[in-house]
Amino acid sequence: MTQSFPSAARSSAPSTSLWSPLAGRPGRRLCLSVLAACAAGCILPPEAKPLAPAGGKRLADAEVRPLREAAAPTKRHIGFAAQPAQLRDDAFRKVAAAHFDSLTPENQMKWETVEPQPGQFAFQAAEPLLAFAAENHMRVRGHTLVWHSQLAPWVKRLSGEALHAAMLGHIQGVVGHWKGRVAQWDVVNEALADGPSGRLRADSPFTALGPTFIDDAFRAAHQADPDAQLFYNDYEIEGVGTAKSDAAFALVKRLREAGVPVHGVGLQMHVDPRRWPAAERIRANIARFAALGVLVELTEMDVAVGEIAGSIEQKLDRQRTLTHDIVAACLAVDGCSGITFWGLTDRYSWLNSPRWGALRGQLPHYPLPFDADYRAKPMVAGILDALAGR
Ligand code: G3I
């Protein structure tokens with residue numbers, strides 16, 4: 001099967017690399033023209049633009065067991081990504097606290113935020129999220145240390161030994177600061193190129209350091225916090241049968257064999273139902289990574305159903321089934337230790353940005369378990385069914 005995914009990281013990639021299913025499509029043209037016309041409507045950050053209610057069935061409160069409670073017997077973490085501003089919303093806090101036991105700062109631990117100038121660290125942006133996690137007995141996943149995107153501009157001007165030293169200093173400063181408070185780090189994010197090459201991506205400045213920059217990054221993170229679980233995280237590596245997932249497997253295998261302290265692999269899981277590996281391929285992939293002795297986590301899951309055919313009820317039902325089967329694939333392998341959603345409510349999602357075509361009432365993707373009014377969608381029932389072994 002040929003995979004040509006949406007992904008996420010195309011999100012993070014430069015403008016030439018738009019999320020492929022949307023690029024060049026009517027939705028994108030529409031989005032560009034609306035962008036030109038909507039100056040007033042674009043004052044809110046795109047992620048904060050509420051969507052019109054989606055319609056379709058919602059679960060009655062009695063049907064909605066807290067996800068974290070349902071997941072506890074399975075020994076899997078159920079997580080969400082968040083931004084501090086979202087915590088000002090009481091409904092958001094309530095749903096987050098009730099349902100999730102793991103939190104990933106969506107942007108606030110990225111290089112451009114935490115080390116905007118060489119050696120000058122700024123940790124405060126993530127603190128409200130860490131405080132909320134501590135209050136609610138949540139684990140924190142740190143995202144992310146070495147990534148070509150959301151990199152501070154000064155780093156982009158470096159190369160060779162200066163870049164290598166900056167990378168090590170960054171890791172030491174950030175991991176050292178949050179030592180003991182961050183359980184897992186995405187140490188290296190999205191290092192692999194898209195497509196069949198199996199190489200490191202050409203648009204990352206770190207690639208020029210040679211493949212052992214990855215080894216060095218993990219070693220530095222381990223030195224800074226020997227108790228943190230250290231992950232390689234990427235997109236389009238979710239299922240067996242693609243060159244990129246094979247390249248990720250080969251990378252993690254090489255690191256393990258070289259004694260590099262890599263403890264896990266993150267499969268981002270930004271699902272585009274129109275082209276996505278079958279659950280069995282995902283299960284087989286999780287199993288092969290687990291056989292290397294690493295944990296596997298689904299680190300950024302969302303299921304964008306806006307563009308599939310059918311009524312809203314049919315879309316949400318398909319979303320429920322896809323989500324169920326992916327959660328079940330994680331549960332089928334002992335080493336799969338957590339499932340994090342890239343947000344919790346359709347009100348706030350990176351996919352709501354005009355860049356991805358989801359302007360109000362046009363191409364909403366409805367990607368997350370709770371709707372824009374915090375009501376549980378059928379997706380929640382799919383997660384609960386999978387957690388219960390149904
Ligand atoms: O910081 C500016 C702020 O100053 C400005 O006022 C605001 C106006 O909209 O924009 C802010 O920057 C935005 C930033 O998020 C922080 O909110 C950027 O425009 C926006 O592009 C950026 O998007 C983030 C994206 O990573 C960047 O690559 C998304 O929120 C975030 O969800 C997304 O997350 C990535 C993961 O880290 C890695 N995997 C893919 C995933 C989805 O793309």
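Note that ligands are numbered from 1 as they come in the structure, with each ligand's atoms numbered from 1 the same way.
Donor-acceptor pairing under 3.5 Å is recorded for the side chains of Ser337 and Glu297. A side-chain N or O of His270 and one of Glu300 form a donor-acceptor pair less than 3.5 Å apart.
Near Glu190, meaning under 4.0 Å from any of its heavy atoms, are these atoms of ligand 1: 38 (C), 39 (N), 40 (C). Close approach of ligand 1 to Ser149 is summarised as follows: ligand atoms under 4.0 Å from at least one heavy atom of the residue are 28 (O).
For His143, the closest heavy-atom approach to ligand 1 falls below 4.0 Å. Between Tyr235 and ligand 1 there is no heavy-atom distance shorter than 4.0 Å. The shell of residues lying under 4.0 angstrom from ligand 1, judged by heavy atoms, includes Asn189.
Between Arg288 and Asp246 there is a salt bridge, with a side-chain nitrogen of the basic residue lying less than 4.0 Å from a carboxylate oxygen of the acidic one. We find that Asp61 and Arg375 are not joined by a salt bridge, their nearest charged nitrogen and carboxylate oxygen being 4.0 Å or further apart.
When Met109, Glu106, Lys110 are checked for heavy-atom proximity to atom 37 (O) of ligand 1, Lys110 turns out nearest. Remark: among candidates His148, Glu300, Gln150, Gln268, the nearest residue to atom 27 (C) of ligand 1 is Gln150, based on non-hydrogen atoms. Around atom 15 (O) of ligand 1, the closest heavy atom drawn from Thr113, Asn107, Asp186, Thr299 belongs to Asn107.
Using a distance-only test at 3.5 Å, with no hydrogens or angles considered, no donor-acceptor pair links the side chain of Asp317 to the main chain of Pro378.
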Checklist entry - Given the rule in the side-chain hydrogen bond (donor to acceptor under 3.5 Å, both in side chains) test, do Thr104 and Arg141 qualify, once you have shown the distances and angles that lead to the verdict? => result CA-CA 5 Å; Thr104 307; Arg141 296 199 80 255; 4.7 Å; no

